Amino acid sequence: MRIILSYFLLQILINLPNNLWAQTSTQWGPDGFVKIENGSGGMIADIESGDRFSRDHDSAGDINGDGITDLVIGARSDDDGATDAGAVYIVFLNNDGTVKFNQKISMLSGGFNETLVENNFFGYGVAGIGDYNNDGIPDIAVSAPSSSNRSIYIIFLNNDGTVKDYVKNANIVAQGLSAIGDINNDGKIDLVACDPNSNQGGTNRGAINILFLDNSGQVNSDDIVNISSTTGGFGTGLEDNDKFGGREVAMLGDIDNDGTLEMAVGAFNSNGGKGAIWILSLHPDTYHVTSKLKITEGLNGFTDTLTTGTNPNGSQGANLGHALCKVGDLNGDGVPDLMTGANQQNEGWGYILYLNADKTVKTYTRINDSAGGFDLNLSAEDRFSRSISFIGDLRGDGTIAVNYGGGAGLDSGGTLYLLFFKPCIFNQQTGLNHWSGGNTLFTNWSHNLQMLTGEALTFEQCTFKAFETDASYMTYNFNDARCICKDSTATLAISSEMSTAFTNQCNNFTATSIKEEPSSSSLIIYPNPTNSILQLARNNFSFASNIEIKLFSPLGRLLYTTTLDSNKSEIDLSNYPIGIYYLATKINGIISTHKISKQ
């Protein structure tokens, strides 16, 4: 039996007797990145300048059966067969995020026997859709939104990434394409086709179409749900040239627990090009809009300043909401968060929007050339964050991976930045304290002047300053928003100014195999994988009383807790979704974390 040790979960269990749950906060911070472009990150292909590689991308599932998630990446301006006919790449990954090998699909490659035309832009939108034809191999959806051949293709893959077969859904425009899960519960992944240039209700106001497909991969035309300023219950709010729909949407789920599904949709040309995001609540049966909320500069909790004016490519403003991606709960408050970007803001700025249950923005953090802790070294006009997609625990170590598109300059074929985020524990020290002495790595506060000398920061923003400076200790004041990060030479002192001291246990969360305990005292967990009941037993020894058991999601959220006091016990996982979980146990003072697979 392979035992997986997690410092993150061990610390939680160690502190169980002291009931320290409320005094710790799990924040997700930077853990490196892989730059994937032609000749970098293992990517070797015939990508040329202007191909727009990574214009869109998505997790495609494990296509070649090696246990590692693979990607589908669009290159909508590839010239195979015709100028800007387009292409996609099936990119097979190593679990460190580098490329193992890739397979191109175009009019001339990969067995795709379709005649594309000039300016077809095949690959403008791509989405992983799971195994549609039930052959055990995940499949993909690809849009070609322009020229006379506007279509969405459902492409059935071989496990080497070549095309086994495909279904063409003609006359559907999708400048963005997003998989949104199986919202109608028919066993098939559903899609959203984004059409930001739609003239429904006015010039370039934009629209989206929710698409449901049958078992063969054909769109059920009678079931298409169109949402625009004149349809689908949206109502007022959109203006000419808003380009509602953007390039991607993000299905957030029922974040306010009222029985409706929340979907984030961008309108990246709204507000003179600054951009906006609409959070739509969709009726559970009709999927029409029952309520909506707009997020933009100065509205509903988003307070950052967005740029205006004409960009070098002729567009206007920052373009907030151009791309969107659900990423799970990154600040531990029980509400899923949203990644987006303003890809025309300087070199391109990514944002983590931490959401409230009422769909407003609680706070945000930036990811760009100078913020976020990744040291990306972006170039001017890189348009970082022009596309975003979620991978999850690629490395199998509890971190999560998120893709950001960039490299949109005229001299670039396109770049994908695969970012890793790790869970970090900020442990609050008992009482009102601050860190004194040592080396100050960041501060926005002057003790002499007793005032802020920099931007007021939220708690989440302060933790990112700790990430960026690799600070061991952080002082935060919830009353005046001061943030002070120090190294490990600082000492704890009583605060007379209502400050709170935190230690930053930013762990590697690396999965480490160790030797089994002797058979006479080892914990046996079986069957693993399981589809329902998980049995726990000890060889020859009974459990001590009050054995602590906790079940966690891969993102570190506590799902279930119990105690065991018999020779053999069981945990029922039948109501949990398929996926990977972590079972943390504390037996006679021995703490272990076990990776569990639910099938």
Side-chain angles (χ1 to χ4, degrees), residues 56-65 69-74 76 85-90 103-107 109-117 120-195 208-227 248-249 251 285-287 578:
D56 196 19
H57 41 80
D58 198 11
S59 172
D62 180 12
I63 295 171
N64 61 342
T69 297
D70 306 308
L71 304 178
V72 54
I73 303 177
R76 56 94 158 170
V88 298
Y89 289 85
I90 304 300
Q103 173 62 54
K104 185 178 185 180
I105 298 173
S106 71
M107 189 160 47
S109 302
F112 184 53
N113 299 317
E114 166 72 347
T115 300
L116 301 172
V117 298
N120 217 167
F121 294 144
F122 175 75
Y124 211 122
V126 299
I129 58 173
D131 182 10
Y132 247 72
N133 60 345
N134 297 314
D135 64 353
I137 303 170
D139 304 308
I140 59 172
V142 182
S143 71
S146 300
S147 195
S148 60
N149 189 38
R150 296 173 175 175
S151 303
I152 290 177
Y153 296 88
I154 303 302
I155 298 178
F156 307 113
L157 297 175
N158 296 306
N159 59 14
D160 62 357
T162 59
V163 176
K164 177 181 293 184
D165 199 0
Y166 68 91
V167 173
K168 181 178 181 178
N169 292 279
N171 300 315
I172 299 178
V173 178
Q175 288 195 6
L177 194 61
S178 297
I180 58 170
D182 180 15
I183 65 171
N184 65 343
N185 299 311
D186 66 351
K188 299 294 182 184
I189 298 297
D190 307 312
L191 297 172
V192 167
C194 301
D195 185 7
I208 62 171
N209 287 293
I210 303 175
L211 308 178
F212 304 101
L213 287 76
D214 63 22
N215 291 336
S216 69
Q218 290 283 353
V219 173
N220 295 317
S221 57
D222 293 338
D223 295 333
I224 294 175
V225 178
N226 177 258
I227 298 175
E248 296 159 347
V249 306
M251 178 58 75
D285 298 319
T286 66
Y287 311 110
I578 292 172

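Since the model is a prediction, treat every value here as computed from it, not as a measurement.
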Next item on the list: Indicate whether the side chain of Y153 and that of E114 have a donor and an acceptor atom separated by less than 3.5 Å.
Entry: yes
Next item on the list: Determine the minimum heavy-atom distance between A127 and S178, stating which atoms define it.
Entry: CB-C, 4.4 Å
Notebook entry, point to check: Short question: side chain of N158, backbone of D160 - any donor-acceptor pair under 3.5 Å?
Noted result: no
Next item on the list: Please report the shortest heavy-atom distance between A60 and P138, naming the atom on each side.
Entry: O-CB, 3.1 Å
Margin query: Measuring centre to centre across the rings, with the benzene-like ring taken for any Trp, is F156 within less than 6.0 Å of Y132?
Written below: no
Notebook entry, point to check: Looking at T69 and S59, what are the two nearest heavy atoms and their distance?
Noted result: CG2-OG, 3.0 Å
Next item on the list: Ignoring hydrogens and angles, tell me if any N or O in the side chain of N220 forms a donor-acceptor pair with the backbone of D223 under 3.5 Å.
Entry: no
Item checked: Atom pair OG (S216) and CD1 (I154), whose distance is rounded to the nearest 0.5 Å -> 9.5 Å
Check: Are any side-chain N or O atoms of S143 and backbone N or O atoms of A174, one a donor and one an acceptor, separated by less than 3.5 Å?
Finding: yes
Check: Are the side chains of S151 and N171 in touch, meaning some heavy atoms are under 4.5 Å apart?
Finding: no
Next item on the list: Decide side chain to side chain contact (heavy atoms under 4.5 Å, CB included) for V219 and I224; before the verdict, give the C-alpha distance in whole Å, the side-chain angles of both, and the deciding distance to 0.1 Å.
Entry: CA-CA 8 Å; V219 173; I224 294 175; 4.0 Å; yes
Notebook entry, point to check: Below 4.5 Å, heavy atoms only, C-beta onward: do H57 and L71 meet side chain to side chain?
Noted result: no
Check: Which atom pair, heavy atoms only, marks the closest approach of G110 to Q103?
Finding: CA-NE2, 3.5 Å
Checklist line | Nearest-0.5 Å distance, CZ of residue F212 to OG of residue S221 | finding: 13.0 Å
Note to self: Run the side chain to side chain contact (heavy atoms under 4.5 Å, CB included) test on D62 and D70 for me, step by step, so that the C-alpha distance in whole Å, both residues' side-chain angles and the decisive distance to 0.1 Å come before the verdict.
What the structure shows: CA-CA 5 Å; D62 180 12; D70 306 308; 3.8 Å; yes
Note to self: Apply salt bridge (Lys or Arg N to Asp or Glu O under 4.0 Å) to residues D214 and K188 and explain how you reach the verdict.
What the structure shows: CA-CA 8 Å; D214 63 22; K188 299 294 182 184; over 6 Å; no
Next item on the list: Measure from the side-chain N and O atoms of R150 to the backbone N and O of P145, and report whether any donor-acceptor pair falls under 3.5 Å.
Entry: yes
Check: Does Y287 use its side chain to pair, donor to acceptor, with the backbone of I183 at less than 3.5 Å?
Finding: yes
Checklist line | I180 side, atom CD1; I129 side, atom CD1 - distance, nearest 0.5 Å | finding: 13.0 Å
Next item on the list: Using modelled atom types only, decide if a donor and an acceptor are shared between the side chain of T162 and the backbone of G111 within a distance under 3.5 Å.
Entry: no
Margin query: Is the shortest side-chain heavy-atom distance between L177 and V126 below 4.5 Å?
Written below: no
Notebook entry, point to check: How far apart are the C-alpha atoms of S147 and N149, what are their side-chain angles, what is the distance that settles it, and do they pass the side chain to side chain donor-acceptor pair (under 3.5 Å) test?
Noted result: CA-CA 6 Å; S147 195; N149 189 38; over 6 Å; no
Next item on the list: Decide yes or no for Q175 and C194: does some side-chain heavy atom of the first lie under 4.5 Å from some side-chain heavy atom of the second?
Entry: no
Next item on the list: Give, for atom CG of N215 and atom CG of N134, the distance between the pair rounded to the nearest 0.5 Å.
Entry: 7.5 Å
Next item on the list: Look at the side chain of N169 and the backbone N and O of G217, then say whether any donor-acceptor pair between them is shorter than 3.5 Å.
Entry: yes
Notebook entry, point to check: Applying the side chain to side chain contact (heavy atoms under 4.5 Å, CB included) test to I152, which of L211, V142, V167 qualifies?
Noted result: L211
Check: Considering only heavy atoms from C-beta outward, does the side chain of V88 approach that of F122 to under 4.5 Å?
Finding: yes
Notebook entry, point to check: Do V225 and N209 have side-chain heavy atoms sitting under 4.5 Å apart?
Noted result: no
Next item on the list: Report yes or no: does D182 contribute a side-chain atom to a donor-acceptor pair with the main-chain N or O of I189 at less than 3.5 Å?
Entry: no
Margin query: Set out, in order, the CA-CA distance, both residues' side-chain angles and the distance that settles side chain to side chain contact (heavy atoms under 4.5 Å, CB included) for V163 and I105, then state yes or no.
Written below: CA-CA 8 Å; V163 176; I105 298 173; 3.8 Å; yes
Notebook entry, point to check: Should D56 and R76 count as an ion pair when the cut-off is N to O under 4.0 Å?
Noted result: no
Item checked: Among I155, N133, V72, I63, the one residue meeting side chain to side chain contact (heavy atoms under 4.5 Å, CB included) with D139 -> N133
Notebook entry, point to check: Is there side-chain contact between L191 and L213, with at least one heavy-atom pair below 4.5 Å?
Noted result: yes
Check: Does the side chain of D135 come within less than 4.5 Å of K164's, by heavy atoms?
Finding: yes
